[in-house]
Amino acid sequence: MNNSLPEGFEKSPDNTDVKYAQKQKQATLQSVSFRGGRGHMGKNMGQTVEKPENIKKTVSRLLGYFRNTKKLLIPLVFAVVLVTLTSLFAPMLQGQAIDEIKNMKWQSLYRCIILLAVVYVFNIGFTLAQSLFSARLSQLIVKLMRHDLFKKIDRLSIKYLDTHSNGDIMSRMTNDIENVSTTISQSLGSLVSGVLTIIGTVAIMFYHCWQLTLITLFSVILTVLVTKYMSEIMRKVYRKRSEILGRLNGHSEEMITGYKSIVAYNKQKDVINEFNNTSDELMKVSMKAEILGGSMGPLMNCISNISFVIVAGFGGYFAYKNIISIGTISMFIIYAKQFSRPINEIAQLYGSIQTAIAGAERVFALTDEPDEDNSGDILVENIKGKVTFKNVCFSYIPEKQVLSDFTLDVEPGQKIALVGATGSGKTTVVNLLMRFYNPDSGEILVDGTNILDIKRDELRHNIAIVLQDTVLFSDTIENNIKYARPEATIEEVRHASKMSNCAYFIERLPEKYNTFLKQAGSGLSQGQRQLLSIARAILADPHILILDEATSSVDTRTEKNIQNAMVNLMKNRTSLIIAHRLSTIRDADKIVVLDSGKIVEQGTHDELLKHKGHYYTLYMTQFAGNEI
């Protein structure tokens, strides 16, 4: 069976070549965040904001992680409060210093200047502490979330992994949790500080002059309204730019990965034209985005200056009327700027907070998935390897049977081959025996005990499986072979290598068994990787062995080498062999032919050829080249 499917298609849960309609490749264009030129509002305009479905529930669960971080959370809140208080106290001292200059009270002026310097030093120190505590808090929470998520992935059912894209699961582990981390480290302190600053600023301003406070609030509200209006326009432009850039990146990726096909069909000009059209569209939108981003800063400065003029004008009038002092005017100008800054920051933080909560919601949705079935508490000792399927029915999708009334007896030490057309249910038999899935009805027995009653780990400990898609890890050859039995000695590893016929090429490597395999053994041939997986199975010393298309991806010479290794592996073991190459199962004790999830024939190779049924048709089509 050839598992090398075209890109964009995935295997069915039956591990066959059924082409699912591009479920896994849905052109997930990444939204890219851009800085909007020199405008201070530009940096978040390109961010795609995800909205959570249940904010209250998600925030509540996030707060559960904060309960475990009180040693960092309390100092962080303390630092934020002190930063806010020093920021509020400094303008009052500046105003008082100006009044002392006007009144020529030099001794009081010196005290104000010294106190002001102390306040600024403390402000810097507390701001640094706030940053440090925020960073440590965010990393600690992210560590806890990643730990919980990884533990959950380790307990997920095979069904979930078969029906969800690996990219989506990885995205939750990386991007979604990283969004939470960024929001905590950059937004949490700013949000709390902003709220406290707004409340404190308004209270102080009302205390000194309520008339000038109302005038200041009017100018601040004007600033906020203009900012909101401009932000909406910029957000649409930047979002469009992100979408176009995503299309351009996707087109470039397809062009690079599919370059051979493009050249083979002489589609270079079409590809270039499509790229140029998208690139031109991106250039136009980017120019508009940069112009808007660049104009945001000057526009906000203009409005801010106008508000300063208004405050200064009315402040001068009130000072003339002896309602306030000159120092109070200076203080109000600073507070006016200080008041509008946190409002703008909170407006910018809203999008990132929403995205972070949505990311946390996706993480929690995965952690809430049910665990793999771990029922059964029977420890079967001295397994002989008798396997019985009794009237087993199973379907991955309701009302679409994959196995129907499947009944099969496998005696200890017997070698059984499962053959049939793609989608006939061969791999499903293996999935059920390994308890990757549970049957809808019927029973599967090992030595007379229902596998649902056997402890899952104990069952899998007695079964070894060699798949067509060899899985090697970024580790040494020795550790890859010892993956089946970590406590094995190097002598046992060498013995397993000799039995699997892979010792000859391992010994020729410079580092031999200490050779580090990069990128899952990409430097090895398919046959060498397959032999390593057989060595792993030999080292596991199982009572039941499953070979799932172990030779379908290699050439005939390598196949012969692997077959010799498999002969050693299958000695005195109950073996289930799934094969499309019928040459590999001629010596099987029994060949079981499946069609549409049912057993239609079973017998030895010679018996089935004489019968001239389904097996005969498969064999003659594959070897004799007859058109049946």
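- Using a 4.5 Å cut-off on side-chain heavy atoms (C-beta onward), Glu492 and Arg485 make contact.
- In this structure, the side chain of Asn391 does not engage the main chain of Gly442 through any donor-acceptor pair within 3.5 Å.
- Scanning all heavy atoms of the two residues, the minimum distance from Ile578 to Lys426 falls at CD1-O, 3.5 Å.
- Between the Arg529 side chain and the Leu472 main chain, no donor and acceptor come within less than 3.5 Å of each other.
- Between the side chain of Asp589 and the backbone N or O of Lys415 there is at least one donor-acceptor pair closer than 3.5 Å.
- At least one side-chain heavy atom of Ile444 sits under 4.5 Å from a side-chain heavy atom of Phe389.
- With hydrogens and angles disregarded, no donor-acceptor distance shorter than 3.5 Å links the side chain of Asn438 to the backbone of Leu452.
- Side-chain atoms of Thr574 come within 3.5 Å of backbone atoms of Gly413 as a donor-acceptor pair (strictly under, hydrogens ignored).
- Without hydrogens or angle criteria, His251 side chain to Val271 main chain gives a donor-acceptor distance under 3.5 Å.
- With hydrogens and angles ignored, the 3.5 Å screen pairs no side-chain donor or acceptor of Asn431 with any backbone N or O of Tyr437.
- Using modelled atom types, one side-chain atom of Arg460 and one backbone atom of Arg435 make a donor-acceptor pair closer than 3.5 Å.
- Checked by atom type and distance alone, the side chain of Asp409 never pairs as donor or acceptor with a backbone atom of Thr388 at under 3.5 Å.
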